[in-house]
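Comments concern the structure below.
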Number of protein chains: 2
Amino acid sequence: MSLPHAILTALLEKPSSGLELTRRFDRSIGYFWPATHQQIYRELGKLEQAGFIRALPSEQPSRGQKKEFEVLPAGRAELTAWASGEQDAKPVRNALVLRLRAAAVVGRAGLDTELRRHLALHQRQLAEYEEIEARDFGAVADPKDRLRRLVLRAGVGLETFWVQWLQEALAEVEDMADDGEAGGRPGE
Amino acid sequence: MSLPHAILTALLEKPSSGLELTRRFDRSIGYFWPATHQQIYRELGKLEQAGFIRALPSEQPSRGQKKEFEVLPAGRAELTAWASGEQDAKPVRNALVLRLRAAAVVGRAGLDTELRRHLALHQRQLAEYEEIEARDFGAVADPKDRLRRLVLRAGVGLETFWVQWLQEALAEVEDMADDGEAGGRPGE
DNA sequence: GGCTGTTATGCAACAAGTTGCAAAAACTGT
DNA sequence: ACAGTTTTTGCAACTTGTTGCATAACAGCC
């Protein structure tokens, strides 16, 4: 149940329409809670239904016409409650690591390619985070910004970890390829 | 589409019944791809249907009676194919980080408690990984074990990161509580 | 005025994971 | 033999996320 709260947070930062939200998700909140526009529209509907947000009464709202939402007091209360309660950490799922484990059983053909591909992805993401950090957080005092910076530090730290681990993994896999056959165990 | 392949991997390592699989998931593969017994039984059914695995023909299989599965050639082929293709890295979702961001907007009441709780969880997980590493991987040469060790290293690295980040976050949040009010912004 | 492309909102079907419960067999104590 | 508990298998409903497509408004162009 996090998407609605992610949306409430975003709307409190700035009232927005569905598409605006989608775009903002693409480059900030979405780093830790991605969402497509379909998800967002659906959730906006529910939040409005529940009385947590409302459409700004600018014009008659019709399909294809922009509709801005703002958070109502009930919505702020809901978010506050959510943010002060406990959350049971959702399990982590990682297909790449799983694949490594599979490679231990059926052979490591194509494994290095995949590792390199992921390495590039994580390096790019890391660069993006570091760019944001350099741009938006020079010297910070405002508590609000300090928290946001912590969020970014999590991103940087995570990507740094993955880059390091992938390099380690690549070195290991290449070393294994040197002595021994090239692609694991071809036919069992 | 990773759960079936996780199961195939586990079954290739050792043919098992549904419950055995569930237990093995709880302490190895499940670290990176958790699954409940309900999921596993459902998936076993599909895999059998698809001709990837079969029940060992020990007895007449009925409800409540143990049923062991083994991987058929088609299943091994499927896993091999999956393990050599590309995988589009699934997005990461993290509610705790999201919550930090919410705290920047509605106040950080209860935040330190939650951070401490998560810190304890990650410390325990890290200890568990390190114990496994010490026990199972003294000096390794077998390629199979080197890959499995890499998987474990990913776990260790990830948990280490979270522990560090949480400590950093806690220090920061406590520092913010010192100067300024204690619980964020109570009523806006 | 009609064509085309972009912006914006949304439905519907599907896929995957979660939760709660139930039922058959096997084990355990009396 | 029987009752109660545990093991093992499984169904069904629900929630969340994904994918593909539909529809309306608007803007520019010829």
Side-chain angles (χ1 to χ4, degrees), chain A residues 1-8 11 15-26 29-50 53-56 58-69 82 87-95 98, chain B residues 1-8 11 15-26 29-50 53-56 58-69 82 87-95 98:
Chain A
M1 285 277 293
S2 294
L3 179 57
H5 301 103
I7 292 180
L8 285 173
L11 285 182
S16 308
S17 68
L19 249 220
E20 278 179 87
L21 271 181
T22 305
R23 287 202 257 267
R24 290 174 53 203
F25 263 68
D26 281 344
I29 292 193
Y31 289 142
F32 287 100
W33 208 278
T36 62
H37 77 270
Q38 290 92 336
Q39 264 180 291
I40 287 174
Y41 282 118
R42 197 202 298 177
E43 211 58 51
L44 283 173
K46 286 187 198 166
L47 288 170
E48 192 176 24
Q49 201 79 22
I53 63 175
R54 65 160 185 176
L56 288 182
S58 49
E59 287 128 273
Q60 76 293 354
S62 83
R63 199 185 179 109
Q65 198 141 3
K66 208 173 184 171
K67 210 170 24 167
E68 294 236 311
F69 289 94
W82 178 79
Q87 255 125 69
D88 32 333
K90 282 249 175 156
V92 187
R93 293 196 161 81
N94 187 305
L98 206 65
Chain B
M1 284 276 293
S2 293
L3 178 57
H5 301 103
I7 292 179
L8 285 174
L11 284 183
S16 308
S17 69
L19 249 220
E20 277 178 86
L21 270 181
T22 305
R23 287 202 257 268
R24 289 174 54 202
F25 262 69
D26 281 345
I29 292 192
Y31 289 142
F32 288 100
W33 208 278
T36 62
H37 76 271
Q38 289 92 336
Q39 265 180 290
I40 287 174
Y41 281 117
R42 198 199 299 174
E43 211 56 53
L44 282 173
K46 286 188 199 164
L47 288 170
E48 191 176 24
Q49 202 78 25
I53 61 175
R54 66 160 185 177
L56 288 182
S58 49
E59 285 129 273
Q60 76 292 355
S62 82
R63 199 185 180 109
Q65 198 144 5
K66 208 173 188 173
K67 209 169 26 166
E68 295 237 309
F69 289 93
W82 177 80
Q87 254 124 69
D88 31 332
K90 283 251 172 150
V92 187
R93 293 197 160 82
N94 186 305
L98 206 65

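Across all their heavy atoms, E68(A) and P15(A) have their closest contact at OE1-O, 4.1 Å. Contact record, F25(B) with A6(B): CZ-CB, 3.8 Å, taken as the closest heavy-atom pair. Between L98(A) and W33(B) the shortest heavy-atom distance is CD1-CB, 3.8 Å.
One atom, CD of E68(B), and another, P of dT7(D), lie 17 Å apart when rounded to the nearest Å. Protein atom CZ of F25(A) is 17 Å distant from nucleotide atom P of dA8(C), rounded to whole Å. Atom pair D26(B):CG and dT8(D):P shows a separation of 13 Å (rounding to whole Å applied). One atom, CD1 of I40(B), and another, P of dG10(D), lie 13 Å apart when rounded to the nearest Å. Atom CG of L19(B) is separated from atom P of dT8(D) by 5 Å (rounded to the nearest Å). One can place CZ of R23(B) at 7 Å from P of dT7(D), the figure rounded to the nearest angstrom. Here dA12(C) presents its C1' atom at 17 Å from OH of Y41(A), a figure rounded to the nearest Å. Atom CG in L47(B) sits roughly 13 Å away from atom P in dG10(D) (whole-Å rounding).
Residues satisfying the side chain to side chain donor-acceptor pair (under 3.5 Å) criterion with S2(B), sequence neighbours excluded, are absent altogether.
Proximity of a side-chain donor or acceptor of Q39(A) to a complementary backbone N or O of T36(A) within less than 3.5 Å is detected.
Residues L8(B) and F69(B) form no side-chain contact, since every pair of their non-hydrogen atoms from C-beta on lies 4.5 Å or further apart.
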Worksheet item: Which letter, B, S or -, goes with each nucleotide of nucleotides 12-18 of chain D from 5' to 3', with contact meaning a protein heavy atom under 4.0 Å?
Response: -B--SBB
